[in-house]
Enquirer: 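Submitted below is the structure of interest, expressed as structure tokens.
Source: prediction; values computed, not measured. Just so you know, ligand 1 is whichever comes first in the structure, and atom 1 is the first atom listed for that ligand.
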Amino acid sequence: MLIQPVDYRDPDAAKKFTESLHNTGFGVLTNHPLSQTLLNTIYQEWYEFFQTDAKHKYNYDTEKMDGYFSPKVSETAKGFAKRDLKEFYHVYPWGRVPSEVSNAAREYYEQGNQLATELLQWVEDHTPADIKAKYSMPLSDMITDSDMTLLRVLHYPPLNGDEEPDAVRAAAHGDINLLTVLPAATQAGLQVLGKDDAWHDVPCDFGMLIVNIGDMLDEASQGYYPSTIHRVLNPTGEEAKKSRISLPLFLHPRPDVVLSERHTSGSYLQERLRELGVKK
Ligand SMILES: O=C(O)CCC(=O)C(=O)O
Ligand SMILES: [Fe+2]
């Protein structure tokens with residue numbers, strides 16, 4: 001399976017990009033409008049933040065889910081026994097941002113949310129009529145005034161060899177939300193499970209933007225846009241001595257939005273968070 005990067009400036013970008021999402025659950029954009037300077041600032045200052053004990057002042061709120069998730073509470077992917085080798089911080093528009101970092105993450109949240117909104121419109125415009133007829137409302141309306149979209153700043157620490165056997169940076173999982181927007185991280189490692197049942201590297205050259213479908217859009221589109229399983233591999237050799245920082249933005253609808261006959265966005269999220277072991 002080859003995920004073919006699409007140039008955001010191509011007049012046919014929306015068509016090519018949504019075809020890729022339909023066929024693979026993933027799409028990759030080049031020449032996207034997100035500021036690389038802003039991304040570099042975030043990678044640098046949050047890397048430094050994760051090196052300090054200050055992070056513990058912001059331990060995550062078990063109800064609202066904003067704040068810092070240490071490696072001890074980090075997610076266990078559905079069906080796995082070992083926790084992922086990662087720590088992360090959830091930024092919500094109404095939530096806490098550490099005083100140790102600048103406003104860059106909030107600025108990026110705005111930019112990322114705007115682009116995600118445009119890409120969701122592409123998805124909607126290229127949904128076949130029979131599938132579209134089953135959306136409870138236009139996709140763009142599902143996110144209007146939503147304050148559930150979250151920016152996750154992820155730090156995968158260097159591996160020192162005493163990790164539990166079988167523990168990986170991110171075990172195979174699908175995302176919960178509608179769409180995920182993920183700028184190329186500071187290191188390779190992201191792979192997607194193809195229809196051929198083999199793992200494939202996701203193109204991740206510097207400056208690329210990776211977008212993938214989450215379970216909520218899979219549910220609402222009855223699988224037309226498939227949520228695809230992905231993982232982050234442990235690096236080896238010299239790469240293992242380095243941290244990896246990545247920055248997924250998870251686009252979420254309002255909790256009251258009806259996704260399907262079975263689920264609202266709210267009921268779906270609560271079920272999935274319990275499965276991940278981060279919520280009781
Ligand atoms: O770090 C990455 O490249 C991907 C992270 C991811 O899949 C997630 O947090 O859901
Ligand atoms: Fe993911």
Side-chain angles (χ1 to χ4, degrees), residues 3 21 24-29 34 39 42-43 46-47 50 60 65-71 73-80 82-92 105 108-109 112 116 148-159 167-194 199-218 225-235 239-240 242-252 268-269 272-273 275-279:
I3 300 171
L21 288 176
T24 71
F26 271 70
V28 173
L29 283 176
L34 300 176
L39 283 168
I42 295 170
Y43 289 160
W46 283 80
Y47 169 75
F50 282 118
Y60 82 104
M65 307 295 283
D66 68 321
Y68 170 67
F69 294 67
S70 80
V73 299
S74 114
E75 296 162 330
T76 309
K78 194 172 171 178
F80 286 79
K82 301 283 161 53
R83 284 189 193 283
D84 288 350
L85 301 171
K86 67 190 186 191
E87 57 184 343
F88 52 97
Y89 194 105
H90 279 178
V91 176
Y92 283 96
Y108 177 78
Y109 184 104
M148 294 301 289
T149 291
L150 83 121
L151 179 64
R152 169 181 283 179
V153 190
L154 262 164
H155 174 230
Y156 301 91
L159 304 173
V168 289
R169 282 190 157 173
H173 69 279
D175 291 349
I176 306 174
N177 45 299
L178 288 172
L179 273 186
T180 304
V181 172
L182 176 72
T186 59
Q187 219 183 28
L190 180 63
Q191 292 194 320
V192 56
L193 188 61
W199 289 101
H200 300 268
D201 290 335
V202 177
C204 65
D205 294 356
F206 188 71
M208 285 182 174
L209 188 76
I210 298 139
V211 177
N212 65 280
I213 303 294
D215 296 345
M216 290 184 183
L217 191 50
D218 187 319
Y225 288 111
S227 170
T228 313
I229 300 295
H230 51 284
R231 68 178 182 184
V232 180
L233 281 185
N234 292 352
E239 287 300 292
K242 295 186 203 152
S243 286
R244 181 176 186 274
I245 304 277
S246 79
L247 202 61
L249 180 86
F250 300 112
L251 190 68
H252 275 268
Y268 199 70
L269 179 61
R272 293 296 310 277
L273 291 178
E275 285 169 1
L276 284 171
V278 290
K279 198 143 200 184

Enquirer: Which side-chain hydrogen bond (donor to acceptor under 3.5 Å, both in side chains) pairs, counting each pair once, include a residue from residues 243-252, with sequence neighbours left out?
Expert: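 Passing the test, one end in residues 243-252: H155-S243.
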Enquirer: Kindly compute the distance separating CZ (F88) from CD1 (I245), expressed to the nearest 0.5 Å.
Expert: 13.5 Å
Enquirer: For ring-ring contact (aromatic ring centres under 6.0 Å, His included), just list the numbers for Y60 and F69, CA-CA rounded to whole Å, side-chain angles, deciding distance to a tenth of an Å, and then say yes or no.
Expert: CA-CA 6 Å; Y60 82 104; F69 294 67; 4.1 Å; yes
Enquirer: Give me the ring orientation class for H90 and Y92: parallel if the planes are under 30° apart, tilted from 30 to 60°, perpendicular past 60°.
Expert: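 Perpendicular: the ring planes of H90 and Y92 meet at over 60°.
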Enquirer: I'd like to know if the side chain of Y109 reaches the main chain of T149, judged simply by a donor and an acceptor atom lying under 3.5 Å from each other, with no hydrogens or angles considered.
Expert: yes
Enquirer: Which protein N or O atoms sit under 3.5 Å from any N or O of ligand 1? Give atom names and distances.
Expert:
residue  : atom   : partner : partner atom : Å
ligand 1 : 1 (O)  : Y156    : OH           : 2.7
ligand 1 : 1 (O)  : R244    : NH1          : 2.9
ligand 1 : 1 (O)  : S246    : OG           : 2.7
ligand 1 : 3 (O)  : R244    : NH1          : 3.2
ligand 1 : 3 (O)  : R244    : NH2          : 3.0
ligand 1 : 7 (O)  : H173    : NE2          : 3.1
ligand 1 : 7 (O)  : H230    : NE2          : 3.1
ligand 1 : 9 (O)  : R152    : NH1          : 3.0
ligand 1 : 10 (O) : H173    : NE2          : 3.0
ligand 1 : 10 (O) : D175    : OD1          : 3.1

Enquirer: Has E87 got a side-chain atom pairing as donor or acceptor with L154's backbone, closer than 3.5 angstrom?
Expert: no
Enquirer: How many angstroms lie between atom OH of Y89 and atom CG of D66, to the nearest 0.5 angstrom?
Expert: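 That separation rounds to 6.5 Å.
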Enquirer: Apply side chain to side chain contact (heavy atoms under 4.5 Å, CB included) to A188 and list each qualifying residue two or more places apart in sequence or on a separate chain.
Expert: C204
Enquirer: Rounded to the nearest 0.5 Å, what separates atom CE in M65 from atom CG in L269?
Expert: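 That separation rounds to 8.0 Å.
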Enquirer: Strictly under 2.8 Å, how many protein N, O or S atoms lie near the Fe ion (ligand 2)? Waters don't count.
Expert: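 Excluding waters, the total comes to 3.
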